[in-house]
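Here's the structure we're looking at; comments come further down.
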Number of protein chains: 2
Amino acid sequence: MFKVESQEVDRRIELFKQAAKAAGIKLTHQRIEIFREVASSVDHPSAEAVHKALSPRMPTLSHDTVYRTLWLLTDLGMVSTLGPKRESIRFDANPEPHHHYVCLRCGLARDFKSSELNELRIPEAVSEFGSINATQVEVHGICKDCLQKQQDN
Amino acid sequence: MFKVESQEVDRRIELFKQAAKAAGIKLTHQRIEIFREVASSVDHPSAEAVHKALSPRMPTLSHDTVYRTLWLLTDLGMVSTLGPKRESIRFDANPEPHHHYVCLRCGLARDFKSSELNELRIPEAVSEFGSINATQVEVHGICKDCLQKQQDN
DNA sequence: TACGTGGATAGGAATGTATCCTATTTAGGA
DNA sequence: TCCTAAATAGGATACATTCCTATCCACGTA
């Protein structure tokens with residue numbers, strides 16, 4: 001499996017340390033190693049994969065810590081998730097070409113159409129990964145309901 | 001919650017019936033109702049949500065049937081999933097703007113860059129859903145490993 | 001229309017993922 | 001170095017998904 005260059009990883013860890021300090025959270029060994037693992041991997045690991053990768057070096061590392069730390073990193077903006085967050089698998093029976101708006105907080109997903117976005121030019125290099133079946137745009141944001149709840153606090 | 005117009009739903013069910021016949025699979029009451037539920041919903045329901053919606057009408061409907069049917073519909077191409085399929089949540093620590101290639105079969109996810117795709121124009125209407133945080137392109141396909149395995153069969 | 005059969009379902013058991021709980025440990029300021 | 005609030009470990013729990021198998025039924029055939 002490919003790795004991100006260590007120089008780049010160090011740079012990202014530096015950014016994380018700054019963000020942690022700014023947010024007033026503690027810089028534990030666990031947090032640094034968990035972030036290092038995600039930052040140095042190109043294949044978007046699951047929490048389980050992160051735990052497995054670190055276990056040899058950190059045999060007492062708990063699953064809970066991995067999960068808590070990954071969500072913390074997400075809140076700090078150092079890490080993001082692929083697809084709708086936290087939720088279970090979501091299904092879509094819209095046969096027309098369309099695109100998705102996804103709420104980062106509650107997972108709400110809505111379709112929208114755009115003939116312009118249906119005609120995107122995908123870089124040649126992508127076909128190195130495999131066949132191309134479909135292409136769609138994902139817009140990430142916070143939905144109106146969640147924005148409302150945020151204000152109520 | 002909004003619904004897809006019933007005329008459009010009927011059209012999709014017709015397409016499903018044709019596809020089922022072509023594929024030689026049985027048209028059970030359960031399959032039709034499960035497909036109807038996904039096809040008439042605009043909010044991309046989870047398997048659990050589909051089960052809950054149908055329970056009053058079909059009190060003996062099992063979770064297993066809902067799951068099996070949704071994957072069947074996915075294989076038939078009548079339904080798709082949001083984000084990486086089947087897998088657990090995946091994390092991404094790449095701070096640069098980037099896009100994703102996702103394998104529909106195994107969930108492999110890889111980044112790619114394109115300054116052109118970083119500058120997409122999103123339709124006005126999308127801001128009706130909520131705030132816009134980030135936009136990225138998702139390319140769906142079958143990765144080289146999975147294509148290879150497919151040939152071996 | 002009735003029959004037979006292979007595919008499909010129900011329901012509970014098993015697995016796997018993610019979170020909660022709480023006693024113990026530790027980072028980082030005083 | 002000491003103190004304290006924050007963080008962790010590890011087991012318990014909750015929930016999502018799949019597996020297992022006896023039973024049921026869609027649909028081709030007569």
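Letters go in sequence order (proteins before strands), and every chain restarts at 1.
Distance from the side chain of B:T69 is smallest for C:dT9 among the nucleotides C:dT9, C:dA10, D:dA9. Of all nucleotides listed (C:dT19, C:dT9, D:dA16), C:dT19 comes nearest to the side chain of A:Y67.
One N or O on the side chain of B:S127 and one on the backbone of B:E124 form a donor-acceptor pair closer than 3.5 Å. Formation of a donor-acceptor pair under 3.5 Å by the B:S131 side chain with backbone atoms of A:I142 is found in this model. A donor-acceptor contact shorter than 3.5 Å links the side chain of A:R31 to the backbone of A:K26. Side-chain atoms of B:R110 do not come within 3.5 Å of backbone N or O of B:Y101 as any donor-acceptor pair.
A:H63 places its NE2 atom 9 Å from the C1' atom of C:dT17, with the value rounded to the nearest Å. Rounded to a whole Å, the CZ atom of B:R68 is 11 Å from the C1' atom of D:dC19. Residue A:W71 contributes atom CH2, which lies 18 Å from atom P of D:dA7 at whole-angstrom precision. Counting to the nearest Å, the P atom of D:dT18 and the CG atom of B:D64 are 9 Å from each other. The separation between B:D75 atom CG and C:dG7 atom C1' is 16 Å, rounded to whole Å. The distance between atom CG of B:L72 and atom C1' of D:dT18, rounded to the nearest whole Å, is 16 Å. Between the CD atom of A:E48 and the P atom of C:dA18 there is a distance of 8 Å, given to the nearest Å.
Across all their heavy atoms, B:T65 and B:I34 have their closest contact at O-CD1, 4.0 Å.
Put simply, NE2 on A:H63 and NE2 on A:H51 are 4.5 Å apart, with the number rounded to the nearest 0.5 Å. Expressed to the nearest 0.5 Å, how far CD of A:E33 lies from OG1 of A:T69 amounts to 11.5 Å.
Using a 4.5 Å heavy-atom cutoff, the side chains of A:R11 and A:E14 are not in contact. Proximity of B:E37 to B:K52: side-chain heavy atoms (C-beta onward) are nowhere separated by under 4.5 Å.
For B:T65, a side-chain nitrogen or oxygen approaches OP1 or OP2 of C:dA10 to under 4.0 Å.
Of the residues in residues 51-60 of chain A, not one places a heavy atom less than 4.0 Å from an atom of DNA chain C.
Residue contacts for B:R31: at a heavy-atom cut-off of 4.0 Å it reaches the sugar-phosphate backbone alone, with no base atom in range.
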Practice item. Heavy atoms under 4.0 Å is the rule here; annotate nucleotides 22-30 of chain D 5' to 3' with B where the base is hit, S where only the sugar-phosphate is, and - elsewhere. Key: ----BS---
